[in-house]
Amino acid sequence: MSERTPATVPYGSWRSPITSDLIVGETIGLGAILVDGGDLYWIEARPGEGGRNVLVRRSGDGQGRDNHGRDITPAPFNVRTRVHEYGGGAVTIGGGIIYFSNFADQRLYRQTGGGAPEAVTPAAEPGTSSWRYADGRIDARRGRWIGVREEHTADGSVLNTLVAVEPQAGNPGRVLAQGWDFCAAPRMSPDGAWLAWLSWNHPNMPWVGTELWLARIADDGSLGEPKRVAGGLQESICQPEWAPDGALIFVSDRTGWWNLYRCDAGGDGAIAALCPRQAEFGRAHWVFGQSSYAFLEPDRLACAYTEAGRSRLAMLDLARGALAPVDLPYTDYGSLKALGERVVCIAGSPADPPVVISIDARTGATEILRRSTTLAEDGEFRRYIAAPRHLEFPTEAGLTAFANYYPAANPDFAAPAGERPPLLVKCHGGPTASASSVLDLRTQYWTSRGIAVLDVDYGGSTGYGRAYRGRLEGAWGVVDVDDCVNAARHVAATGLADGERAVITGGSAGGYTVLAALTRGGAFKGGASYYGVSDVAALARDTHKFESRYLDWLIGPYPERADLYRERSPITHAERLNCPIIFFQGDEDRIVPPNQTEMMVDALRRRGVPVGYLLFAGEQHGFRRADNIKRALDAELYFYASLVFRTRLAF
């Protein structure tokens with residue numbers, strides 16, 4: 001059948017099959033792969049169930065009704081923890097026993113043999129402490145759960161400790177280690193004799209400076225005197241795990257790159273690099289339970305690393321230090337686990353949305369076990385997908401920065417000769433995070449309508465080494481804004497987009513960058529802030545413990561540098577923001593409370609600036625409910641189309 005001649009229609013007015021209804025109705029989130037014996041588990045985040053997180057199991061033989069996974073978590077339970085507010089590490093499995101944190105009450109539950117979950121920690125009483133749990137491991141020898149506990153006391157203070165929870169004790173747990181502001185990643189040695197963990201203190205964030213500790217577990221289950229193995233104020237360590245032979249493996253950026261190291265924990269404690277390389281074998285510790293490597297054999301492991309903006313999967317021969325990349329079409333890998341001779345992980349690429357995939361470590365043969373969406377498997381649908389180009393562009397001080405550029409693309413339409421597409425610049429959150437090249441239908445929602453997208457990895461982003469992350473030290477609201485502005489100017493100057501119809505969008509820290517860029521004026525003609533920060537001083541005073549001193553690094557100590565906080569706050573310069581902007585906010589957001597958004601909205605409305613504001617009931621930091629995701633996406637498009645792009649939408 002011959003292809004239809006594309007209709008000539010202005011950019012931004014193209015009709016697209018990638019609708020918001022399709023995105024929220026056909027897409028789930030995938031995360032937290034776990035292995036227990038021959039069984040495989042993962043977490044599914046389901047917008048259609050109000051954002052509920054469900055533990056799913058695929059039996060070892062993959063046969064029968066378990067072939068595509070079977071729900072283990074009964075409704076209304078929601079497998080999600082609020083430790084550090086961002087969570088992660090909400091479930092632990094061993095010997096068929098499941099422990100998980102339930103979002104509604106943050107209690108730790110135990111589930112065995114497919115039975116009903118039973119609470120093993122007490123409910124909080126009014127006016128007393130409440131507890132949250134994360135990142136646990138099952139201590140099979142002693143019949144208990146060991147993990148991170150975050151206690152919220154009646155006086156408002158927050159205490160983070162390592163605890164042991166005995167399922168029949170009915171108490172919030174026995175403290176094993178404390179004395180640091182934060183702790184993470186408790187990991188027991190294969191023989192159950194040692195416990196390793198991470199800690200760090202304010203004002204550091206874990207990607208700035210952490211310490212790796214080791215202690216022997218006594219007969220009564222307590223810990224002996226802890227010994228610091230590695231780390232410090234200028235070394236970030238993450239993902240400690242035990243090798244089958246009893247060595248302690250971890251990731252450190254002591255050379256400027258997150259590389260793998262080995263420590264002979266039971267011997268002289270000597271530390272050796274496993275595969276020195278200018279590449280990142282770890283990620284910023286925003287959430288618990290991240291895993292970028294897994295042991296297949298005592299002398300061989302699978303690992304994921306990022307190099308030149310792309311993630312790769314490789315097999316590492318520990319005896320020879322030889323790294324052998326696996327030739328696969330994916331560009332991002334996470335949550336690596338070993339299941340016999342197979343590597344199971346979450347993978348994706350510009351052409352493939354996230355999938356749970358099994359990879360034969362010997363042959364490289366793959367099997368997709370679960371898809372986040374089946375839409376991209378439709379050959380007709382794939383015609384509408386725009387592939388990104390990884391750009392390096394000039395920015396301030398003679399440096400360069402990076403971005404993923406997605407062209408406007410739709411086989412049914414062509415733009416009039418000489419017209420360039422409107423541009424949507426995306427700012428990722430964090431700000432210590434990164435843009436992903438994995439297929440995201442929310443990006444294709446824009447490109448298939450004739451709007452180019454530029455996803456910027458501004459200075460401070462991860463994936464490019466510690467020096468690149470360090471560009472943002474003391475410079476938040478400056479470097480990130482400069483890089484987003486220069487990225488937009490670069491693609492406009494090279495003819496890839498219409499600089500006169502450029503908008504900027506971002507969430508959380510990205511929302512702050514949006515507001516800071518718009519108050520500067522000039523480069524962008526409109527924007528959208530998703531739960532963005534408008535007053536950084538208010539954030540320093542009001543935000544949760546995990547990030548309460550993050551601004552010391554990003555801007556400077558508060559209140560000593562209150563002048564900088566005033567200067568960097570978009571609310572201070574609201575009179576400079578003169579273009580249309582729309583705000584999106586969850587009313588239960590603890591990280592960036594609604595008052596942050598409402599201060600800016602009120603200031604702009606008083607001046608008559610075109611402004612939209614959508615407040616979503618029951619949402620926290622990031623939207624999880626299908627109807628809210630849909631409403632926000634469509635509202636943002638309508639806002640730009642009517643007030644910035646001046647296009648007529650076709651649905």
Side-chain angles (χ1 to χ4, degrees), residues 207 236 238-239 251-260 273-284 290 292-293 301-316 321-334 336 345-352 354 359 364 386-407 425-428 430-440 443 453-472 479-480 482-484 486-487 490-491 494 496:
W207 46 85
S236 171
C238 58
Q239 298 183 48
V251 176
S252 167
D253 70 350
R254 57 179 56 190
T255 65
W257 299 87
W258 272 317
N259 280 192
L260 286 160
L274 296 180
C275 181
R277 195 179 184 97
Q278 289 190 355
E280 302 276 58
F281 289 78
R283 295 183 177 181
Q290 296 182 123
S292 64
Y293 66 94
L301 58 79
C303 57
Y305 63 95
T306 301
E307 193 171 47
R310 179 185 172 182
S311 181
R312 292 171 170 82
L313 181 71
M315 303 299 159
L316 177 59
L323 189 70
V326 181
D327 187 17
L328 293 172
Y330 301 102
T331 58
D332 190 86
Y333 300 88
L336 269 67
C345 63
I346 298 171
S349 78
D352 303 283
I359 304 161
R389 289 166 50 190
H390 191 61
L391 302 180
E392 185 173 4
F393 60 89
T395 190
E396 305 302 307
L399 300 172
T400 60
F402 304 93
N404 291 324
Y405 170 79
Y406 296 81
V425 172
K426 292 179 63 178
C427 314
H428 64 70
T432 309
S434 62
S436 173
S437 64
V438 173
L439 177 62
D440 185 341
T443 296
V453 173
L454 189 62
D455 204 352
V456 183
D457 266 338
Y458 48 79
S461 301
T462 55
Y464 305 92
R466 185 176 180 109
Y468 195 81
R469 294 200 310 273
R471 288 187 188 180
L472 211 56
V479 166
D480 50 325
D482 285 340
D483 289 353
C484 288
N486 287 323
H490 174 76
V491 298
T494 53
L496 297 174

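- The two residues Cys303 and Leu301 have their closest heavy-atom pair at CB-CD1, 3.8 Å.
- By the 6.0 Å contact criterion, CD on Glu392 is enclosed, its count of non-hydrogen atoms from other residues, nucleotides or ligands being greater than 12.
- At a threshold of 4.5 Å between non-hydrogen side-chain atoms, the residues Leu313 and Leu336 count as touching.
- At a threshold of 4.5 Å between non-hydrogen side-chain atoms, the residues Pro354 and Ile346 count as touching.
- A salt bridge is absent between Arg471 and Asp457; no separation between the charged side-chain nitrogens and carboxylate oxygens falls under 4.0 Å.
- Judged as a side chain to side chain donor-acceptor pair (under 3.5 Å), and not counting sequence neighbours, the contacts of Ser461 are His428.
- A search for salt bridge (Lys or Arg N to Asp or Glu O under 4.0 Å) contacts involving Glu396 returns nothing, not counting sequence neighbours.
- Remark: Ser437 engages Thr331, Pro350, Asn404 in a side-chain contact (heavy atoms from CB on, under 4.5 Å) (not counting sequence neighbours).
- At a threshold of 4.5 Å between non-hydrogen side-chain atoms, the residues Leu323 and Phe281 count as touching.
- Evaluation of the side chain to side chain donor-acceptor pair (under 3.5 Å) rule for Thr255 yields no partner, not counting sequence neighbours.
- Between Ala386 and Pro407, the closest heavy-atom pair is CB-O, 3.3 Å.
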* Should Cys484 and Val456 be marked as a side-chain contact (heavy atoms from CB on, under 4.5 Å) after you check the CA-CA gap, both sets of side-chain angles, and the distance that decides it? -> CA-CA 6 Å; Cys484 288; Val456 183; 4.2 Å; yes
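- Distance check: Thr494 OG1 to Leu391 CG gives 7.5 Å after rounding to the nearest 0.5 Å.
- Counting heavy atoms from C-beta on, the side chains of Leu454 and Leu496 never come closer than 4.5 Å.
- With sequence neighbours excluded, the residues forming a side-chain contact (heavy atoms from CB on, under 4.5 Å) with Ala351 are Ser349, Arg382, listed by chain and number.
- Residue pairs meeting the salt bridge (charged side-chain N to carboxylate O under 4.0 Å, His left out) criterion with at least one partner in residues 301-316, sequence neighbours excluded, are Arg277-Glu307.
- Partners of Asp352 according to the salt bridge (Lys or Arg N to Asp or Glu O under 4.0 Å) rule, which considers only residues two or more places apart in sequence or in another chain, do not exist here.
- Side-chain contact, Thr395 with Asp483: a donor N or O sits under 3.5 Å from an acceptor N or O.
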* Starting from the C-alpha separation in whole Å, work towards a yes-or-no answer on side-chain contact (heavy atoms from CB on, under 4.5 Å) for Gln290 and Cys238. => CA-CA 9 Å; Gln290 296 182 123; Cys238 58; over 6 Å; no
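- Separation of atoms OH (Tyr458) and CG (Asn486) is listed at 15.0 Å; rounding is to 0.5 Å.
- For the ring pair (Phe, Tyr, Trp, His ring centres under 6.0 Å) test, no residue two or more places apart in sequence or in another chain qualifies with Trp258.
- Looking at residues two or more places apart in sequence or on another chain, you find a side chain to side chain donor-acceptor pair (under 3.5 Å) between Ser292 and Gln239.
- Applying the salt bridge (Lys or Arg N to Asp or Glu O under 4.0 Å) rule to Arg469 yields the partners Asp253, Glu280; only residues at least two apart in sequence or on another chain are considered.
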* Between Trp207 and Thr462, does a side-chain contact (heavy atoms from CB on, under 4.5 Å) hold up when you go through it step by step? -> CA-CA 10 Å; Trp207 46 85; Thr462 55; over 6 Å; no
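- When all heavy atoms of Gly430 and Ala433 are compared, the pair lying nearest together is CA-CB, 4.2 Å.
- The shortest distance between side-chain heavy atoms of Pro388 and Asp455 does not fall below 4.5 Å.
- Applying the ring pair (Phe, Tyr, Trp, His ring centres under 6.0 Å) test to Tyr464 and every residue at least two apart in sequence or in another chain returns Phe402, Tyr468.
- Evaluation of the side-chain contact (heavy atoms from CB on, under 4.5 Å) rule for Ala387 yields no partner, not counting sequence neighbours.
- What you find for Gly465 and Trp257 is that their closest heavy atoms are N-CZ3, 3.4 Å.
- Counting only distance, with no hydrogens or angles, the side chain of Asn259 and the backbone of Ala279 share a donor-acceptor pair below 3.5 Å.
- With hydrogens and angles ignored, the 3.5 Å screen pairs no side-chain donor or acceptor of Tyr293 with any backbone N or O of Leu316.
- Here the CG-OG distance, from Asp332 to Ser434, works out to 8.0 Å after rounding to the nearest 0.5 Å.
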